[in-house]
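Taking it in order: structure first as structure tokens, then the write-up.
Only this structure's heavy atoms are used, side chains among them; waters, hydrogens and symmetry mates stay out. All values derive from a computational prediction rather than experimental measurement. Protein chains get the first letters and strands the later ones, always in sequence-line order, with residue 1 at the start of each.
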Amino acid sequence: MTSLAVHLPGLPLKNPIMPASGCFGFGREFSQFYDLSKLGAVIMKAATGEARYGNQTPRVAETSAGMLNAIGLQNPGVESIIQTEVPFLANYNTSIIANIAGSTISEYKMVAEKFNQTKDVHALEVNISCPNVKEGGIQFGTDPVMAAKVTEAVKEVSNLPVYVKLSPNVTDITSMASAVASAGADGLSMVNTLTGMKINLSKRKPLLANKTGGLSGPAIKPVALRMINEVKQQVNLPIIGMGGIASAEDVLEFLIAGADAVAVGTANFQNPFICSEIIDQLPVILEQYGYSSIQEVIGKGARI
Amino acid sequence: MIQKETVTVKSSKTVALNTTELILQNEYLSQSANPGQFIHVYIDGFMLRRPISIADVNKKEQTITILFKQSGKGTEKIASYQPGNMIDVLGPCGNGFPLESTDDKILLIGGGIGVPPLYYFGKKMSETGKEIISILGFQSKKDLFYEQEFQQLGTTYIVTNDGTYGDKGFVTSLFNKLENYDSYYACGPIPMLKAVKKELPNKVGYLSIEERMGCGIGACFACVIPTTDQTGYKKICKDGPVFSAQEVLL
């Protein structure tokens with residue numbers, strides 16, 4: 001059988017498939033459907049310094065080929081995640097990536113430092129691109145100087161490899177990627193959701209309580225592919241690609257465009273088995289398109 | 001335990017204005033579903049599943065019944081399904097109504113499309129010898145369904161907002177008419193649940209809550225509700241959809 005193993009900084013992955021942050025909680029709910037050891041890695045839901053309740057409901061809305069969400073980084077706080085969620089995931093033979101968020105640079109630092117002290121977290125994904133919170137998140141993700149500062153701060157306190165999750169809500173994604181690369185990022189994770197809105201006609205106002213939300217799902221896949229390919233031409237960092245992936249063919253598109261591994265997000269809501277099914281299907285699709293190993297696909301995105 | 005199941009449509013019937021009753025064949029769901037639980041229905045061509053509560057179960061025939069209102073393109077599509085069509089669902093999801101109550105006389109309070117889950121619950125409670133009283137509220141006569149079904153369980157009062165059938169008003173308008181009962185079980189729109197909770201502060205009560213959902217299994221944090229002590233929250237899809245009225249802040 002075709003080997004699906006890929007190597008990213010700090011992450012020797014048995015396959016390039018991982019559930020995306022925020023779409024898989026901390027894995028508990030999905031563990032009733034299949035063995036999480038099958039996954040290349042799990043990216044946990046964002047952790048902040050203290051527990052956060054998040055936004056008012058409604059928090060989700062369906063759109064054409066996608067959905068909007070405005071959860072607002074609800075999470076029990078880094079301490080609780082380390083005490084209760086990380087040990088649960090550590091029962092599985094998979095890599096654990098901790099997504100970290102904050103309102104201030106010192107909060108990012110504090111969260112990174114705490115995960116750095118645990119033995120079971122293998123990498124950090126720095127969320128500088130959450131569009132659904134008033135402070136932090138996307139503010140850091142749309143200004144290259146701020147993005148670099150957060151990256152530097154996290155690198156300073158952590159020995160874990162740092163993947164910076166980029167926002168697509170920028171004019172020039174390559175300048176963001178270059179800035180975090182110069183600041184010492186070990187990899188990139190892209191893209192987060194595109195900010196959007198849906199109107200409730202009978203109420204004559206936005207459907208989401210937060211008014212705007214992050215658009216995800218197949219609707220954003222072409223944007224993600226274009227941005228990954230653009231960044232791959234100019235920045236020499238491994239990329240975890242994401243944005244609307246729902247099939248093994250989608251995975252192959254991302255790998256050809258320049259991703260080194262991928263994360264599956266919204267599709268988990270439609271089909272809780274999707275990551276497992278994609279892992280089963282990937283060797284078949286690789287073979288169908290004439291590849292004898294996954295290594296043949298990745299790393300060539302800059303030249304397509 | 002939630003499973004991904006394929007159900008087969010056995011029958012489809014319009015029971016009121018834009019309101020469809022589907023009887024679905026599936027062994028696992030029919031044997032495992034409890035009153036108040038729901039199924040999360042996949043619709044081809046739509047990104048998100050639709051949570052629909054289970055209105056009845058027939059273990060012998062291995063069927064479950066769902067009732068829903070067509071309120072958009074997704075539910076319109078489900079309403080168009082014909083006998084023999086297969087649907088992908090997750091279920092049974094959530095925690096339903098408490099079944100261990102020792103009360104002798106219970107009140108069911110349903111509003112509009114919140115009525116269905118109370119039927120299977122009432123039926124189960126009736127089987128254990130409890131006396132059932134029901135108040136069902138609808139906007140108008142054309143929205144009314146399951147009157148006879150509830151009458152078979154016990155005294156049933158119908159109220160319509162426009163007075164075209166039964167009493168005119170809201171479900172709460174009838175509270176003063178009722179004899180003593182031990183506990184209440186309500187499902188309906190949030191304003192109705194708020195009014196019920198406010199009017200019956202000293203009664204033991206349970207509320208089944210509706211919200212827009214993402215995953216339906218507790219992973220995405222889309223459908224949450226604050227707890228009364230304001231120190232935390234509950235996930236409607238996983239911890240609910242049924243909560244003790246004292247537990248959550250509406």
Measuring only between side-chain heavy atoms, which start at C-beta, is A:Thr63 closer than 4.5 Å to B:Met47?
no

Whatever's closer than 4.5 Å to a heavy atom in chain A on B:Ile225 counts as backbone

Original post:
With side chains defined as the heavy atoms from C-beta onward, is the minimum distance between A:Arg59 and B:Cys223 less than 4.5 Å?
Top reply: no

Original post:
Does B:Lys77 NZ have over 12 foreign heavy atoms under 6.0 Å away?
Top reply: yes

Query - A:Asn271 vs B:Lys4 side-chain heavy atoms within contact, under 4.5 Å - result: yes

Rounded to the nearest 0.5 angstrom, the CG-CG distance for B:Leu48 and A:Leu68 is 10.0 Å

Interface check, chain B: of A:Cys23, A:Pro76, A:Gly217, A:Gly66, most non-hydrogen pairs under 4.5 Å belong to A:Gly66

What I'd like to find out is whether the side chain of A:Phe269 reaches to under 4.5 Å of the side chain of B:Ile217, using heavy atoms alone.
no

(Q) How about CD on B:Gln139, more than 12 heavy atoms from neighbouring residues, nucleotides or ligands closer than 6.0 Å, or not? (A) no

Exercise. Might you confirm whether atom CD of B:Glu27 has over 12 heavy atoms from other residues, nucleotides or ligands at distances under 6.0 Å?
Key: no

Heavy atoms of B:Val224 and A:Thr57 approach each other most closely as O-CG2, 3.7 Å

Applying a strict 4.5 Å limit to non-hydrogen atoms, the region of A:Pro272 in contact with chain B is side chain

Rounding to 0.5 Å, atoms CD (A:Glu29) and SG (B:Cys237) come to a distance of 8.0 Å

Most heavy-atom pairs under 4.5 Å with chain A, out of B:Gly214, B:Gly232, B:Gly72, B:Cys215, belong to B:Cys215

When the 4.5 angstrom heavy-atom criterion is applied to B:Arg212 and chain A, the contacting part is both

Ranking A:Leu207, A:Thr266, A:Asn75, A:Asn268 by heavy-atom pairs under 4.5 Å to chain B gives rank one to A:Leu207

Apply the test salt bridge (charged side-chain N to carboxylate O under 4.0 Å, His left out) to residues B:Arg50 and A:Glu62: give CA-CA distance (whole Å), side-chain angles for both, the deciding distance (0.1 Å), then the verdict. CA-CA 11 Å; B:Arg50 302 297 193 271; A:Glu62 190 175 60; 2.6 Å; yes

Only one of A:Asn55, A:Val60, A:Ile71, A:Leu73 passes side-chain contact (heavy atoms from CB on, under 4.5 Å) with B:Phe221, and that residue is A:Ile71

Cut-off 4.5 Å, heavy atoms of chain A, and the answer for B:Lys235 is side chain

Next on the checklist: Is it the case that over 12 heavy atoms from other parts of the model lie below 6.0 angstrom from the CZ atom of B:Phe243?
Outcome noted: yes

Within the supplied structure, the quantity of interest is the number of heavy atoms (other residues, nucleotides, ligands) at a distance under 6.0 Å from A:Glu50 CD; does it exceed 12? no

Assert top hit (heavy-atom pairs under 4.5 Å, partner chain B, pool A:Phe24, A:Phe33, A:Phe26) equals A:Phe33

Q.
So for atom CD, which belongs to A:Gln32, do other residues, nucleotides or ligands contribute more than 12 heavy atoms lying within a distance under 6.0 Å?
A. yes

The reported gap from SG in B:Cys220 to CD in A:Gln74 (rounded to nearest 0.5 angstrom) is 10.0 Å

